[in-house]
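Single-structure report; data block below.
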Amino acid sequence: MKSFDNKVAVITGAGSGIGRALALALGEKGCNLALVDVNEQGVKETKRELRGKGLKVTTHVADVSNEKAMKALAAEVAAAQGKINLLFNNAGITYAKSFEGHSLADWKKIIGINIWGVIYGCHFFLPYLREQEGDAHIINLSSMVAFMGPPEQTSYSTTKAAIKGFSESLWAELHPQGVGVTVVHPGAIRTAIMDEALKSAEDQSAFAKTKAMVDKMAMPADKAAKKILKAVRKDKMRVVVGLDAMFFEGAKRAMPEEIHKMFLLMPQ
Ligand code: NAD
C-alpha cells in the first residue's frame with residue numbers, strides 16, 4: 001500500500017502500547033481509524049490524542065476472543081467508516097509463568113485472545129477487505145518468541161508461533177489476489193504488556209526485576225510503529241522489529257538447537 005491517506009484502518013488493542021502508537025502514526029498520514037479494545041478508557045484516550053487532525057476516528061469496545069462480538073464489530077466498523085483497507089490484529093497478552101504454573105483457564109484465555117482473536121479478525125473482516133482489493137492489507141502481530149521459545153513463555157510462544165504459520169499461509173493465498181499480509185515479529189517494545197503479566201506472574205519479585213531490565217533496553221512503541229508501517233508500505237510479508245528480534249532469528253538459524261542452551265544460563 002503506497003499511501004495511508006484517506007484509507008480506513010481497524011486496530012485491535014488500540015487502547016495502549018503498539019496499537020496506540022500505530023493509530024497515532026497512521027493518523028499523521030491521514031488515515032481514518034476504527035480503534036478497538038476491551039478497555040474503553042484506553043481507546044477514548046487514543047482518540048483524544050488524535051483530535052484536531054480532521055480524521056474520522058471511531059471507537060469500538062470489543063473482546064477479540066469473542067466470536068459474536070467480532071462478527072458484530074466488523075459490521076459496526078463497516079457501517080461507521082464506509083470501507084475498510086487495513087486490519088491490524090494487534091490485541092494480545094502474555095504470561096510470566098512456568099508451564100506448571102499455568103491453569104487451563106490461563107491457556108484458554110491467551111489462546112482466545114492471541115490466536116482466536118486473529119482468526120476472528122481475518123474471518124469477519126476479510127469480506128470487507130476484499131471490496132478494496134489492491135488497496136487492502138492485514139497485519140498480524142507475532143513476536144520474536146515465534147523463532148525461539150524462552151522459559152516461562154510456553155503459552156505466549158505457542159500463540160505467536162501459530163500466528164507466524166497462519167500469516168505465512170494466508171499471505172500465499174491472499175497476496176496474489178490483492179490483499180497484502182504482513183506478520184510482525186517485534187522484540188521487546190516498551191508498552192504495558194509486561195505490567196499486565198506482572199499482575200499474575202508466578203514469581204512477582206523476579207519478574208519485576210526482569211521487567212525493569214527489559215524496559216530499559218526496549219524500543220519505544222512509536223519507533224516500532226514506524227517500522228511496521230514502512231513494511232506495510234513496501235508490501236513486505238514479514239518484518240522483524242529490533243536488534244533483539246534479529247538476534248533471536250539469526251541465532252536460531254545458525255544454531256537451531258545449541259542456541260537454546262543460553263536460556264539455561266538465565267537465573268531460574
Ligand atoms: P499492551 O498491553 O500495551 O496493549 C495491548 C492492548 O490489547 C491493551 O490495550 C489491551 O486492553 C488490549 N486487549 C487485551 N485483551 C484484549 C481483548 N480480549 N480484546 C481486545 N483488546 C484486548 O501490549 P503491546 O505490547 O502494545 O502488545 C500489542 C501486540 O504486540 C500484542 O499482540 C503483543 O503480543 C505484541 N508484541 C509485543 C511486544 C512487546 O515487547 N511489547 C513484543 C512482541 C510482540
Side-chain angles (χ1 to χ4, degrees), residues 10-25 34-47 59-70 72-73 87-96 106 108-121 139-148 150 153 155-164 166-167 182-200 210-211 213-225 227-228 238-246 248-249:
V10 183
I11 307 174
T12 69
S16 172
I18 297 172
R20 176 175 291 165
L22 284 166
L24 300 181
L35 308 174
V36 182
D37 210 292
V38 271
N39 176 358
E40 187 173 10
Q41 285 314 110
V43 274
K44 281 191 173 159
E45 173 57 26
T46 306
K47 182 174 178 173
T59 58
H60 310 265
V61 176
D63 175 354
V64 296
S65 69
N66 182 311
E67 180 182 338
K68 277 194 189 138
M70 288 298 278
L73 175 73
L87 169 67
F88 290 83
N89 285 307
N90 165 76
I93 60 164
T94 188
Y95 287 121
D106 291 335
K108 286 176 185 163
K109 181 169 181 187
I110 195 168
I111 288 172
I113 297 170
N114 291 12
I115 301 182
W116 277 109
V118 176
I119 296 171
Y120 291 145
I139 299 90
N140 294 332
L141 268 287
S142 175
S143 162
M144 66 178 172
V145 304
F147 306 133
M148 270 203 280
Q153 296 272 280
S155 61
Y156 191 61
S157 300
T158 299
T159 62
K160 295 302 180 179
I163 295 313
K164 175 178 181 289
F166 171 77
S167 305
T182 301
V183 59
V184 184
H185 297 282
I189 312 296
R190 205 169 304 124
T191 70
I193 198 166
M194 288 177 83
D195 300 313
E196 284 304 309
L198 181 60
K199 291 178 190 164
S200 66
T210 306
K211 190 183 113 44
M213 193 184 74
V214 172
D215 274 350
K216 272 192 204 143
M217 336 178 293
M219 181 185 284
D222 58 345
K223 188 170 173 190
K227 288 181 185 294
I228 295 168
R238 64 198 294 281
V239 56
V240 179
V241 180
L243 290 175
D244 47 356
M246 287 173 194
F248 260 50
E249 183 181 38

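Order of appearance sets the numbers: ligands from 1, and atoms from 1 within every ligand. Positions are given from 1, in the same order as the sequence printed here. Keep in mind it's a predicted model, so treat the numbers as computed, not measured.
Contacts between Lys160 and ligand 1, counted as non-hydrogen atom pairs separated by less than 4.0 Å, involve the side chain only. Of all the heavy atoms of Ala62, the ones lying under 4.0 Å from any atom of ligand 1 belong exclusively to the backbone. With a 4.0 Å heavy-atom cut-off, ligand 1 is reached by the side chain of Ile113 but not by its N, CA, C or O. Residue-level proximity to ligand 1 for Ala221 is absent, since no heavy atom of it falls below 4.0 angstrom.
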Lys164 vs Phe147, test: side chain to side chain contact (heavy atoms under 4.5 Å, CB included). Steps then yes/no. CA-CA 9 Å; Lys164 175 178 181 289; Phe147 306 133; 4.1 Å; yes

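The N/O atoms of Asp63, backbone and side chain alike, include one that comes under 3.5 Å of an N/O atom in ligand 1. Close N/O approach between Ile18 and ligand 1 is found [any backbone or side-chain N/O within under 3.5 Å]. Considering backbone and side-chain N/O of Asn39, none are found under 3.5 Å from N/O of ligand 1. In terms of N/O distances under 3.5 Å, ligand 1 is not approached by Ser65. Residue Ala192 has at least one nitrogen or oxygen atom sitting less than 3.5 Å from a nitrogen or oxygen atom of ligand 1, judged on distance alone.
Listed by number with element, the atoms of ligand 1 under 4.0 angstrom from any heavy atom of Ala188 are 40 (O). In the vicinity of Gly17, heavy-atom distances shorter than 4.0 Å reach the ligand 1 atoms 3 (O), 26 (O). Near Ser16, meaning under 4.0 Å from any of its heavy atoms, are these atoms of ligand 1: 1 (P), 3 (O), 4 (O), 8 (C), 9 (O).
Ranking protein heavy atoms by distance to atom 23 (O) of ligand 1, first place goes to Ile193 CB, 3.5 Å. Nearest to atom 21 (N) of ligand 1 among the protein's heavy atoms is Val38 N, 3.4 Å. Atom 35 (C) of ligand 1 has as its closest protein heavy atom Tyr156 OH, 3.8 Å. Counting protein heavy atoms only, atom 32 (O) of ligand 1 is closest to Asn90 O, 2.8 Å. Residue, atom and distance of the protein heavy atom nearest to atom 19 (N) of ligand 1 are Val64 N, 3.0 Å.
In terms of the ring-ring contact (aromatic ring centres under 6.0 Å, His included) criterion, residue partners of Tyr95 (sequence neighbours excluded) are, by chain and number, His102.
Residues Leu24 and Asp222 have side chains not in contact (no heavy-atom distance under 4.5 Å, counting atoms from C-beta outward). Looking at Asp195 and Lys211, their side chains come closer than 4.5 Å, going by heavy atoms from C-beta outward. In this structure the side chain of Ile93 never reaches within 4.5 angstrom of the side chain of Glu196, judged on heavy atoms. Inter-residue side-chain proximity for Met144 and Asp244 is flagged as met; some heavy-atom pair is nearer than 4.5 Å. The shortest side-chain heavy-atom distance between Thr94 and Val145 does not fall under the 4.5 Å cut-off. Annotation: side chain of Tyr120 is not in contact with side chain of Leu73 (no heavy-atom distance under 4.5 Å).
Comparing heavy-atom distances from atom 44 (C) of ligand 1 across Gly42, Ser142, Gly13 singles out Ser142 as nearest. Relative to atom 14 (C) of ligand 1, the option among Val61, Ile93, Ile228 with the closest non-hydrogen atom is Ile93. With distances taken over non-hydrogen atoms, the option nearest atom 12 (C) of ligand 1 out of Ile163, Ile110, Asp37, Asp244 is Asp37. The option from Gly92, Ser143, Gly15, Gly187 that lies nearest to atom 42 (C) of ligand 1, judged by heavy atoms, is Gly187. Taking each of Val118, Val145, Thr191, Thr94 in turn, the one with a heavy atom nearest to atom 25 (O) of ligand 1 proves to be Thr191. For the residues Val241, Val43, Ile189, the heavy atom positioned nearest atom 41 (N) of ligand 1 is part of Ile189.
Within the 4.0 Å heavy-atom cutoff, Thr12 does not count among the residues contacting ligand 1.
A pairwise comparison of heavy atoms in Ala23 and Thr46 identifies CB-CG2, 3.8 Å as the closest pair. Considering all non-hydrogen atoms of both residues, Gly121 and Asn89 come closest at CA-OD1, 3.7 Å.
For the pair Ser142 (side chain) and Lys160 (backbone), a donor-acceptor distance under 3.5 Å is present.
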